[in-house]
Amino acid sequence: MIDSILLIDDEDLFHLVFEDACSLLDMTLSLEALNSSDEADRLFRKLFKEGPIDERPECVFVDLNIIGSSFDGIELIRKINTDYGNGVVIGIISSSDDNQEITKAQDVGAQFWIIKSDEIEPRLEEFLKDYDGYKNKTAPFKVYK
């Protein structure tokens, strides 16, 4: 089980799909969803500069293209890893499977890439099997299709 998850995605409907899948898998104790990379950046700034450690998310799922945001998911992952350290499990969740984008995500420290769909549950189930490896920084980067 994952203690706390943060989902950053601009699609409210996907927030519900993701939350339902997590619930069915008994995957998390706490799930928070944000609609923009700017909101996420403000939250990380608050949690990592001022907030208690136990309020930080354990795992972060970032959409690749976050409409209405100052920067995309890859830039957000770079910023989180650079500004706050890479103490969280972090990766991309996107409908894209573009190899160039996947490589960019790896280069900035993403640990995984999950292909987004309405049937996200099987991908999350596979991710959950590998989670301890991501948490311990021993699992290789993986694309869940």
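For reference, positions follow the sequence shown, starting with 1.
- Of the inter-residue distances, the one linking K142 atom NZ with Q111 atom CD reads 14.0 Å to the nearest 0.5 angstrom.
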Passes side-chain contact (heavy atoms from CB on, under 4.5 Å), F127 versus M27? Steps please. CA-CA 10 Å; F127 165 79; M27 189 169 154; 4.0 Å; yes

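- Clustering ILVMFWY residues whenever any of their side-chain heavy atoms sit less than 4.5 angstrom apart, transitively, puts F61 in a cluster other than the one holding I77.
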Working for side-chain contact (heavy atoms from CB on, under 4.5 Å), residues C22 and I5: CA-CA 10 Å; C22 287; I5 291 176; 4.2 Å; yes

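- In terms of hydrophobic clustering, with Ile, Leu, Val, Met, Phe, Trp and Tyr side chains grouped at heavy-atom distances under 4.5 Å, I114 and V143 are assigned to different clusters.
- With D10 contributing its side chain and I67 its backbone, the two residues share a donor-acceptor pair below 3.5 Å.
- With rounding to the nearest 0.5 Å, the separation of CD in E55 from CG in L43 is 9.5 Å.
- A distance-only check finds a donor-acceptor pair linking the side chain of T28 to the backbone of I2 [under 3.5 Å].
- Residue D107 holds its CG atom at 12.0 Å from CD1 of I102, rounded to the nearest 0.5 Å.
- Residues I80 and F71 share a single hydrophobic cluster, defined by chaining ILVMFWY side chains whose heavy atoms lie under 4.5 Å apart.
- Pairing each heavy atom of K145 with each of R123, the nearest pair is C-NE, 3.2 Å.
- Looking only at distances, a side-chain donor or acceptor of W113 sits under 3.5 Å from a matching main-chain atom of S96.
- When every heavy atom of L64 is checked against every heavy atom of S94, the shortest pair comes out as CB-OG, 3.5 Å.
- Ring geometry for F48 versus F44: interplanar angle under 30°, hence parallel rather than tilted (30 to 60°).
- In plain terms, the two heavy atoms of Q100 and D98 that are nearest each other are N-OD1, 3.0 Å.
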Go through the steps for L34 and L7 under the test side-chain contact (heavy atoms from CB on, under 4.5 Å), then give the verdict. CA-CA 6 Å; L34 300 176; L7 171 67; over 6 Å; no

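- Under the 4.5 Å side-chain heavy-atom criterion for Ile, Leu, Val, Met, Phe, Trp and Tyr, F14 and L124 are members of the same hydrophobic cluster.
- The backbone N or O of S36 lies less than 3.5 Å from no partner atom in the side chain of S69, so there is not a single donor-acceptor pair.
- Using modelled atom types, no side-chain atom of D3 and backbone atom of S30 make a donor-acceptor pair closer than 3.5 Å.
- Within the model, atoms NZ of K135 and CG of D130 stand 15.0 Å from one another, a figure rounded to the nearest 0.5 Å.
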Quick one, H15 with N35, criterion side-chain contact (heavy atoms from CB on, under 4.5 Å). Give me CA distance, side-chain angles, the key distance, then yes/no. CA-CA 9 Å; H15 289 201; N35 291 316; 3.1 Å; yes

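- For G73 against V62, the heavy-atom pair with the smallest separation is CA-CG1, 3.4 Å.
- In terms of hydrophobic clustering, with Ile, Leu, Val, Met, Phe, Trp and Tyr side chains grouped at heavy-atom distances under 4.5 Å, I120 and V60 are assigned to different clusters.
- The main-chain N or O of E19 is never found under 3.5 Å from a side-chain atom of S23 such that the two would form a donor-acceptor pair.
- Using a 4.0 Å cut-off between charged side-chain N and carboxylate O, D41 and R45 make a salt bridge.
- Rounding to the nearest 0.5 Å places CD1 of I115 at 5.0 Å from CG of D97.
- Minimum interatomic distance between N81 and A110 (heavy atoms only, all atoms of both residues): ND2-N, 4.5 Å.
- Side chain of D63 to backbone of I66: no donor-acceptor contact under 3.5 angstrom is found.
- Contact check for F18 versus D9: no side-chain heavy atoms found under the 4.5 Å cut-off.
- Remark: the backbone N or O of A21 is not paired with any side-chain donor or acceptor of E121 at under 3.5 angstrom.
- By the 30° and 60° cut-offs, the orientation of the rings of Y134 relative to F112 is tilted.
- Proximity of a side-chain donor or acceptor of N136 to a complementary backbone N or O of T138 within less than 3.5 Å is not detected.
- Here the closest heavy-atom approach between residue R56 and residue S4 is recorded as O-OG, 3.3 Å.
- A distance of 8.5 Å separates CD1 in I90 from CG in L6, rounded to the nearest 0.5 Å.
- The pair K104-E101 meets the salt-bridge criterion, with a side-chain N (NZ, NE, NH1 or NH2) lying under 4.0 Å from an Asp/Glu carboxylate O.
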